[in-house]
Amino acid sequence: MATGESASPSNFIRNIIDEHNRNGRFGGKVETRFPPEPNGYLHIGHAKSICLNFGLAADYGGVCHLRFDDTNPTKEEQEYLDSIIEDVSWLGFDWGEHLYYASNYFDQLYEFALKLIEGGKAYVDDLSAEEIRAHRGTLTEPGKDSPYRGRSVEENLDLFKRMKAGEFPDGSRVLRAKIDMAHPNLVMRDPTLYRIRRAVHHRTGDKWCIYPMYDFTHCISDSIEGITHSICTLEFEDNRVLYDWVLDQLAIYHPQQIEFARLNLEFAVMSKRKLLELVKGGYVDGWDDPRMLTIRGMRRRGFTPESVRLFCERIGVGKKESWIDMYWLEKAVRDDLNEKAPRVMGVLDPIKVVITNYPEEMEEKFEAPYFPDNPPAMGYRDVPFCRELYIEREDFMEDPPKKFWRMAPGQEVRLRWAYLVTCREVVKDDQGEIVELRCTYDPETRGGWAPDDRKVKGTLHWVSARHGLKAPVRLYDRLFSVANPGAFKDRDYKEFLNPESMVLMPDAVVEPSLAGAAPGSRYQFERKGFFCADPLDSTEGAPVFNRIVTLRDSWAKILDQQKREAARLEREARKTKNKG
RNA sequence: UGGCCCGUCGUCUAACGGCAGGACAUCAGCCUUUGGAGCUGAUUAUUCAGGUUCGAAUCCUGGCGGGCCAGCCA
């Protein structure tokens with residue numbers, strides 16, 4: 001799409017851009033940037049920002065830069081930088097030639113600082129960090145001027161140059177903007193612009209011993225790159241006046257900062273600190289643990305880039321701090337994978353079924369479509385059948401409740417693509433545990449079609465015991481068991497880790513066609529969910545599957561309703577009894 | 001109790017002074033060899049009180065509720 005209005009759903013940022021395009025503020029240009037600090041791995045919250053920035057640029061015919069905001073060498077590492085490049089690419093975005101580093105602007109930034117000093121708008125302060133804090137005042141009281149605030153331009157210039165030259169120890173001096181120590185917005189009470197920090201920078205090495213602060217760096221970087229709309233999260237709202245102040249003092253090109261509400265996802269944590277703690281503390285198996293909502297974690301689990309983008313598109317963007325239900329993420333993967341994941345059969349918790357009237361030595365192959373809703377186009381695979389099969393343990397009930405359409409004594413069900421079968425006998429061990437189901441099949445129902453059109457409600461997935469492939473399956477669920485684990489003041493969020501966030505199904509059996517499942521390939525195990533052959537743990541002929549997400553389960557809902565209804569009836573019965 | 005920001009169906013989000021719309025959820029029906037998917041229909045919202053206006057979700061004032069800010073982090 002060329003410049004101008006776009007077809008995407010409206011939001012307040014688009015409205016601002018449209019207004020700019022009407023009044024010609026940026027000459028119709030839209031140039032955005034995604035500015036991560038390379039101090040951690042990207043997560044789903046970053047994905048929202050990435051989709052926003054790259055999406056806006058694409059829709060308005062502009063470009064989006066990838067810029068590393070690397071002004072704090074004590075926290076930043078090449079490892080993080082590499083991972084960010086990989087993750088943004090995986091999400092499907094392309095910054096072309098526009099890969100930048102704030103550290104590339106260190107020389108220019110230094111010159112701008114000199115200009116500020118020359119204009120009497122910045123000074124070198126000898127106060128310690130603690131003293132500066134003490135002078136800042138509080139939310140309700142004004143601050144006090146530093147005794148060094150009145151230094152001459154010449155002295156400030158000299159001192160700042162010597163700061164750069166390495167004449168002073170770390171932390172002994174800072175460069176501060178000279179604004180207003182009584183400003184109601186604390187950000188404007190003479191903010192620090194430069195600090196002395198002898199640290200090796202991942203890109204500039206030991207060239208510098210002074211490093212610029214975010215507020216000074218970000219606006220100038222945006223200006224240098226010709227960014228039009230500098231989109232950031234809500235916590236920078238107070239910083240916008242400083243962003244504008246710096247650019248105004250320097251009288252250089254002035255982008256528009258716009259703030260939006262960051263993503264909050266229920267049953268997850270999003271802060272870099274917490275994510276790091278989960279990894280370092282061994283609560284998860286690394287940054288790419290499939291339970292982590294890092295980009296790498298989701299990728300390992302089996303999420304598609306399209307599903308993540310779909311999610312970001314659907315949740316929208318606004319200034320209201322809201323909590324998104326995990327359902328939206330799950331729904332987005334389901335909708336995406338429903339279109340592209342071939343259907344196969346896998347039994348997670350097997351129970352053996354013997355078809356007593358099926359000849360011992362006989363074997364058949366059924367041609368089963370990969371996409372039953374659109375069979376011819378998408379191909380078939382053969383599914384072998386024999387006398388001994390596995391079905392899902394939960395698909396049989398000896399004494400079923402109402403509306404249970406699955407296998408029960410005497411109740412005919414369909415084995416998908418195979419035959420109609422009826423359970424005749426339940427075999428139990430000494431503990432009363434069911435070990436085997438003995439069934440009969442109707443030879444007239446090959447393929448699962450009844451010649452007399454008799455109604456069979458239930459269709460079950462199954463795997464031939466003789467041909468099935470044993471494959472470990474991991475069932476992933478939300479990492480936390482409460483919606484907002486970080487919200488409890490007196491409890492640590494780690495207390496709310498969900499002990500069942502990963503359940504291994506060691507006995508799972510899948511249809512033999514899956515021996516050829518490529519690492520990273522995704523399938524729908526019919527009636528169970530979407531699964532991905534783990535990209536790392538799967539080997540040739542021996543896939544290991546991750547559950548990405550379950551299917552919608554309306555049977556579970558019915559069961560739930562039945563349970564609630566039963567409880568209600570019981571309560572009423574008790575009431576009447578008490579009255580009588 | 002300083003400053004800034006935000007309050008629209010259950011949830012997320014539109015409506016830039018002119019019929020409160022969409023998506024998801026929910027409910028009902030259809031369809032179905034996945035209790036999946038799909039199709040059709042239905043229910044559901046402007047935080048409150050004033051003011052301006054022919055007309056207010058929108059503008060103004062105040063209340064209520066929520067968020068952010070006192071790093072030499074970003």
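Only this structure's heavy atoms are used, side chains among them; waters, hydrogens and symmetry mates stay out. Numbered from 1 within each chain, the chains take letters A, B, ... in sequence-line order.
Using atom C1' as the reference point in both B:C4 and B:A15, the two lie 26 Å apart (nearest Å). One C1' atom belongs to B:C48, the other to B:G65, and the distance between them is 10 Å to the nearest Å. Straight-line distance between the P atoms of B:G55 and B:A14: roughly 29 Å, to the nearest whole Å. On the P atoms, B:U8 is 13 Å away from B:U58, given to the nearest whole Å. Look at the C1' atom in both B:C30 and B:A37: the space between them is 14 Å, to the nearest Å. Rounded to whole Å, the separation between the P atoms of B:G38 and B:C24 comes to 9 Å. The C1' atoms of B:C19 and B:A74 are separated by 47 Å, rounded to the nearest whole Å. One C1' atom belongs to B:G62, the other to B:U52, and the distance between them is 15 Å to the nearest Å.
One can place CD1 of A:Ile315 at 13 Å from C1' of B:C24, the figure rounded to the nearest angstrom. Across the protein-nucleic acid pair, A:Trp417 atom CH2 and B:U34 atom C1' stand 9 Å apart, rounded to whole Å. Rounding to whole angstrom units, CH2 of residue A:Trp323 and P of B:G66 are separated by 16 Å. Rounded to a whole Å, the NE2 atom of A:His46 is 14 Å from the P atom of B:A74. With rounding to whole Å, A:Asn185 atom CG is found 11 Å from B:G3 atom P. Residue A:Leu234 contributes atom CG, which lies 15 Å from atom C1' of B:A74 at whole-angstrom precision. What separates CZ of A:Arg406 from C1' of B:G36 is a distance of 12 Å, to the nearest Å. Going from atom CZ of A:Arg133 over to atom P of B:A70 covers 11 Å, rounded to whole Å.
Side-chain atoms of A:Leu186 lie closest to B:G2 of the nucleotides B:G2, B:C72, B:U13. Among the nucleotides B:G2, B:C72, B:C12, the one closest to any side-chain atom of A:Ala129 is B:C72. For A:Thr192, taking side-chain heavy atoms from C-beta onward, the closest of the listed nucleotides B:C72, B:C16, B:G35 is B:C72. Of the candidate nucleotides B:A74, B:G35, B:U26, B:U26 has the atom nearest to the side chain of A:Lys557. Closest to the A:Ser554 side chain, of the nucleotides B:C72, B:G35, B:G2, is B:G35. Residue A:Asp373 has its side chain nearest to B:A37 when only B:A37, B:C12, B:C72 are considered.
Under the ring-ring contact (aromatic ring centres under 6.0 Å, His included) rule, A:Tyr211 has a single partner from A:Phe106, A:Tyr194, A:Tyr105, which is A:Phe106.
Between A:Phe68 and A:Tyr100, the distance separating the two ring centers is not shorter than 6.0 angstrom. Centroid-to-centroid, the aromatic rings of A:Tyr148 and A:Tyr123 stay 6.0 Å apart or farther.
Remark: A:Phe366 engages A:Phe385, A:Tyr419 in a ring pair (Phe, Tyr, Trp, His ring centres under 6.0 Å) (not counting sequence neighbours). Partners of A:Glu444 under the salt bridge (Lys or Arg N to Asp or Glu O under 4.0 Å) rule, at least two apart in sequence or in another chain, do not exist in this structure.
In RNA chain B, the stems built from three or more successive Watson-Crick or G-U pairs (distances below 3.5 Å) are B:2-7 with B:64-69, B:10-13 with B:21-24, B:26-30 with B:38-42, B:47-51 with B:59-63.
Between the side chain of A:Asp553 and the base of B:G36, no donor-acceptor pair of N or O atoms lies under 3.5 Å. One can find a donor-acceptor pair under 3.5 Å joining the base of B:C16 and the side-chain atoms of A:Asn15.
With A:Asn156 contributing its side chain and A:Arg151 its backbone, the two residues share a donor-acceptor pair below 3.5 Å.
Residues of residues 324-337 of chain A that place a heavy atom closer than 4.0 Å to RNA chain B, in numerical order, are A:Ile324, A:Tyr327, A:Trp328, A:Lys331. Within residues 68-77 of chain A, the residues approached by RNA chain B to less than 4.0 Å at the level of any non-hydrogen atom are A:Asp69, A:Thr71, A:Asn72, A:Lys75, in residue-number order.
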Sequence neighbours excluded and cut-off under 3.5 Å, please list the side-chain donor-acceptor pairs for residues 177-184 of chain A, or say none.
| residue | atom | partner | partner atom | Å |
| --- | --- | --- | --- | --- |
| A:Lys178 | NZ | A:Arg149 | O | 3.3 |
| A:Asp180 | OD1 | A:Ala182 | N | 2.8 |

